[in-house]
Amino acid sequence: MLDPRLLRNDLDAVARNLARRGFVFDRGGFLKLDAERKRLQVEVESLRQQRNTRSKAIGKAKAAGEDIEALRKEVGALGDKLTKVEDSLSSVGGMLDEVMRGLPNLLADDVPDGADDTANVEVRRRGELPEFDFEPKDHADLGAALGMLDLESATKLAGSRFAVLHGELARLHRALIQFMLDVHTQEHGYAEAYVPYLANENALFGTGQLPKFEEDLFAVGGDGRYFLIPTGEVPLTNLVRESIVEADRLPIKLAAHTPCFRSEAGSYGKDMRGMFRQHQFEKVELVHIVRPEDSRAAHEELTANAEVILKRLDLAYRVVTLCAGDTGAAAAKTYDIEVWLPGQNRYREISSCSNFEAYQARRMRARWRNSETGRPEPLHTLNGSGVAAGRALIAVIENYQQADGSVLVPDALKPYMGGCEVVGGNT
RNA sequence: GGAGAGGUGGCUGAGUGGCUGAAAGCGCUCCCCUGCUAAGGGAGUAAGGGUUAAAAGCCCUUCGAGGGUUCGAAUCCCUCCCUCUCCGCCA
């Protein structure tokens, strides 16, 4: 959500910023609704004040043993009128809320213009592209040949866009997760958390998945209204929902390994090969909760923390700044980290690191106590994958493949592989 | 799943129809006192919103959530959510 004060004071600037995303803001409609809201609210409050004081007068008169019948009638009429105006206010207020809730975040100044991912801007490249003296295969072929990536069984068990991993490949996947968690908690100062994999509507509203992106989520039946989390961001960030964090507790840096569930609605036919785009995947998520003045630096730090994982795995990658049209609705600015996949002969997204500034915090009512003003103010939230485990597995398979179809275990993962140095080395 | 108890400010905890946005205590902030420390004295200390360019002031709302009764609800009624205790079940 945006600062309502900013909307009132500098509507044109807000509209101009949102237009960069291609979002058309109906300024006239907003102004009309807001003026109506203001008028009704002033009236409601004035009527309430009258009712309150007259009701107290009844109490006094009654205590003094006076006749209160006339007063009671007068206040009763006041109450009827109040109810009517209140109804109008809540209807106008509801419309206004809907407009407010539907507004995307303001983009940071340094987000490049552009409509889609072709306009994203590369920030840096790291690592050497691997060279093969044979024709490299992609992970789907390699995994199938190893007998360790079993998409047919996954289809039988659940459907398309699921995977079953076997043996050393399953272990390699687990090793990646352990490795990433260890690096972030032991070297980057993140506190590890274990969190629910189901979230309620409030939590999903807080981080911005609801109400606009419900079709991307899996809903779960049962008494309550639950959804499978699409990312660990949802439980981690919502830890500060509806709370006021004392300044000396900031920054809060959290890391968690969670599965992620995405319906991938609207992506039919896209990335159908292998396990690149799945309904279920694992991820180590990093979240920062910071003071507003620190969020830009935290964004760089968070992104660098995720990059360390790829550096340690000796994987080539690049970092891109998403352009205006490609930046998610809740984010002010996003860096995507793209890892080199020899099987696709290009860089593909393996992490997305975003600064949400106060957007999620306003939706969550997550505040910190600013000692300079003494007031609770929205804090800033950030998150990024550090990194997606399923895609990291793909990257390792494709980058560490050998001519015979086996896969070398990267040095960084060896401590987690119980002596196994080559996946498929015995076959 | 069965039985019971309960959800009040940062915390503990009073409060069964009006003078209670809320006693008291703890914590915290500021001031006074004290050579330091400890102890003591005083004042302040919820959030959201409206009015305002902003503030001050004034006003409205909020005692788990949502409805209802009433001139008036933390207090009475209904529904839901959550927490705790005991029993059962279970990894």
Side-chain angles (χ1 to χ4, degrees), chain A residues 1-14 30-31 33-97 99-101 194 196-206 210 220-227 235 238-250 252 358 361-379:
Chain A
M1 233 135 57
L2 300 181
D3 184 354
R5 185 162 291 174
L6 187 66
L7 236 56
R8 243 171 269 147
N9 293 344
D10 208 350
L11 190 59
D12 289 344
V14 171
F30 173 81
L31 285 171
L33 270 181
D34 194 49
E36 183 67 355
R37 187 225 85 231
K38 183 185 280 195
R39 184 183 73 74
L40 288 167
Q41 181 162 347
V42 169
E43 190 177 353
V44 160
E45 291 186 0
S46 141
L47 284 169
R48 279 187 187 143
Q49 183 187 357
Q50 290 176 55
R51 184 202 59 190
N52 290 348
T53 52
R54 302 308 284 157
S55 282
K56 277 182 187 163
I58 291 179
K60 290 210 179 90
K62 207 173 165 188
E66 295 165 17
D67 179 43
I68 56 169
E69 218 25 66
L71 267 173
R72 180 181 289 185
K73 269 191 186 143
E74 179 194 332
V75 182
L78 210 57
D80 291 342
K81 188 174 177 197
L82 175 62
T83 306
K84 273 185 199 148
V85 186
E86 275 176 336
D87 287 347
S88 310
L89 177 61
S90 76
S91 126
V92 170
M95 286 189 272
L96 205 56
D97 280 350
V99 171
M100 292 289 288
R101 279 197 296 253
Y194 169 80
Y197 302 153
L198 295 179
N200 61 32
E201 286 180 289
N202 287 335
L204 287 156
F205 174 79
L210 289 181
V220 175
D223 294 342
R225 199 144 182 252
Y226 292 111
F227 297 86
N238 274 284
L239 283 171
V240 291
R241 191 171 106 236
E242 283 169 51
S243 65
I244 301 171
V245 181
E246 292 305 324
D248 58 13
R249 279 190 56 210
L250 297 173
I252 297 173
R362 281 212 187 79
R363 292 170 81 96
M364 293 190 295
R365 268 170 299 141
R367 294 150 291 168
W368 69 296
R369 197 171 297 279
N370 183 343
S371 50
E372 285 182 17
T373 64
R375 303 179 158 276
E377 296 171 8
L379 32 74

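Letters A, B, ... mirror the listed sequences (proteins, then strands); counts begin at 1.
- Between the C1' atom of rG72(B) and the CD atom of Glu74(A) lies a distance of 14 Å, rounded to the nearest Å.
- For rG49(B), the base has a donor-acceptor partner in the side chain of Glu45(A) [N/O atoms by modelled type, under 3.5 angstrom].
- Using a 4.0 Å cut-off, no side-chain N or O of Arg369(A) falls inside it from OP1 or OP2 of rU29(B).
- In this structure, of rG72(B), rA47(B), rC59(B), it is rA47(B) that holds the atom nearest to the side chain of Pro376(A).
- Annotation: of the two residues near RNA chain B, Val75(A) and Gln41(A), the 5′-most nearest-nucleotide partner is Gln41(A).
- Proximity of Leu33(A) to Glu36(A): side-chain heavy atoms (C-beta onward) are nowhere separated by under 4.5 Å.
- A side-chain donor from one of Glu45(A) and Gln41(A) sits under 3.5 Å from a side-chain acceptor of the other.
- The CG-P distance, from Leu89(A) to rU51(B), rounds to 12 Å in whole Å.
- With Asn370(A) contributing its side chain and Glu377(A) its backbone, the two residues share no donor-acceptor pair below 3.5 Å.
- Contact check, Lys38(A) against rU51(B): a side-chain N or O comes under 4.0 Å of OP1 or OP2.
- Using N1 to N3 plus N6-O4 or O6-N4 for Watson-Crick, or N1-O2 and O6-N3 for G-U wobble, each under 3.5 Å, rU45(B) pairs with rG27(B).
- rU69(B) and rU16(B) have their C1' atoms separated by 16 Å, given to the nearest Å.
- Listed nucleotides: rU52(B), rC59(B), rA47(B). Nearest to the side chain of Gln49(A): rC59(B).
- Among the nucleotides rG50(B), rA47(B), rC60(B), the one closest to the side chain of Arg48(A) is rC60(B).
- For Leu40(A) and rG50(B), the CG to C1' distance is 13 Å, given to the nearest whole Å.
- Rounded to whole Å, the distance from CZ on Arg365(A) to C1' on rA65(B) is 12 Å.
- For Asn9(A), taking side-chain heavy atoms from C-beta onward, the closest of the listed nucleotides rA54(B), rC60(B), rU51(B) is rA54(B).
- Following rounding to the nearest Å, Arg362(A) (CZ) and rG48(B) (C1') show an atom-to-atom distance of 14 Å.
- For Ser55(A), the listed nucleotide lying nearest its side chain is rC71(B); candidates were rG49(B), rC71(B), rA54(B).
- Heavy atoms of Arg39(A) sit nowhere under 4.0 angstrom from any nucleic acid atom.
- Across all strands shown, rA3(B) pairs with rU85(B); the Watson-Crick or G-U wobble distances both stay below 3.5 Å.
- Of the nucleotides present, none pairs with rC36(B) by Watson-Crick or G-U wobble criteria with both distances under 3.5 Å.
- For rC63(B), there is no paired nucleotide, since no Watson-Crick or G-U wobble pair has both relevant distances below 3.5 Å.
- When both distances must be under 3.5 Å, the Watson-Crick or G-U wobble mate of rU52(B) does not exist.
- Considering Leu239(A), Asn202(A), Val240(A) as possible partners of Met364(A), the one that fulfils the side chain to side chain contact (heavy atoms under 4.5 Å, CB included) test is Val240(A).
- Looking at which nucleotide of RNA chain B each of Gly59(A) and Arg8(A) is closest to, the 5′-most match is held by Gly59(A).
- Distances shorter than 4.0 Å separate none of the side-chain N or O atoms of Asn52(A) from OP1 or OP2 on rG18(B).
- The interatomic distance linking Lys73(A) (NZ) with rU70(B) (P) rounds to 16 Å, in whole Å.
- In this structure, CD of Glu43(A) is placed 18 Å from C1' of rG49(B), rounded to the nearest angstrom.
- Distance from the side chain of Ile58(A) is smallest to rC71(B) among rU61(B), rC71(B), rG50(B).
- Taking the C1' atoms as reference points, rC63(B) lies 14 Å from rG6(B), given to the whole Å.
- Contact record, Pro196(A) with Pro235(A): O-CG, 3.8 Å, taken as the closest heavy-atom pair.
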Could you go through the salt bridge (charged side-chain N to carboxylate O under 4.0 Å, His left out) check for Lys84(A) and Asp87(A) one step at a time? CA-CA 5 Å; Lys84(A) 273 185 199 148; Asp87(A) 287 347; over 6 Å; no
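- Here Arg367(A) lies in heavy-atom contact (under 4.0 Å) with sugar-phosphate atoms only.
- Across rG10(B) and rA22(B), the matching P atoms stand 15 Å from one another, rounded to whole Å.
- Across all strands shown, Arg51(A) has heavy atoms under 4.0 Å from sugar-phosphate atoms exclusively, and none from any base.
- Comparing atom distances between the Lys56(A) side chain and each of rC71(B), rG49(B), rC19(B) picks out rC19(B) as nearest.
- Comparing rA47(B), rC71(B), rG49(B) by their nearest atom to the side chain of Arg72(A) picks out rC71(B).
- The base-pairing partner of rA91(B), taking Watson-Crick or G-U wobble contacts with both distances under 3.5 Å, does not exist among the strands shown.
- Checking rC71(B), rU61(B), rU51(B) against every side-chain atom of Arg37(A), the shortest atom distance belongs to rU51(B).
- The two atoms that bring Ala61(A) and Leu71(A) nearest to each other are CB-CD1, 4.3 Å, heavy atoms only.
- At a threshold of 4.0 angstrom between heavy atoms, the contacts of Lys62(A) include nucleobase atoms, whether or not backbone atoms are also involved.
- Distance Leu82(A) CG to rC60(B) C1': 11 Å, rounded to the nearest Å.
- Comparing rG72(B) with rC19(B), their C1' atoms sit 13 Å apart, to the nearest whole Å.
- Side-chain proximity of Val42(A) to rC71(B), rU61(B), rU51(B): nearest is rU51(B).
- Contact check on Arg39(A) versus Glu43(A) returns a salt bridge, with a Lys/Arg side-chain nitrogen under 4.0 Å from an Asp/Glu carboxylate oxygen.
- Pairing partner, rC71(B): rG18(B), with both Watson-Crick or wobble hydrogen-bond distances short of 3.5 Å.
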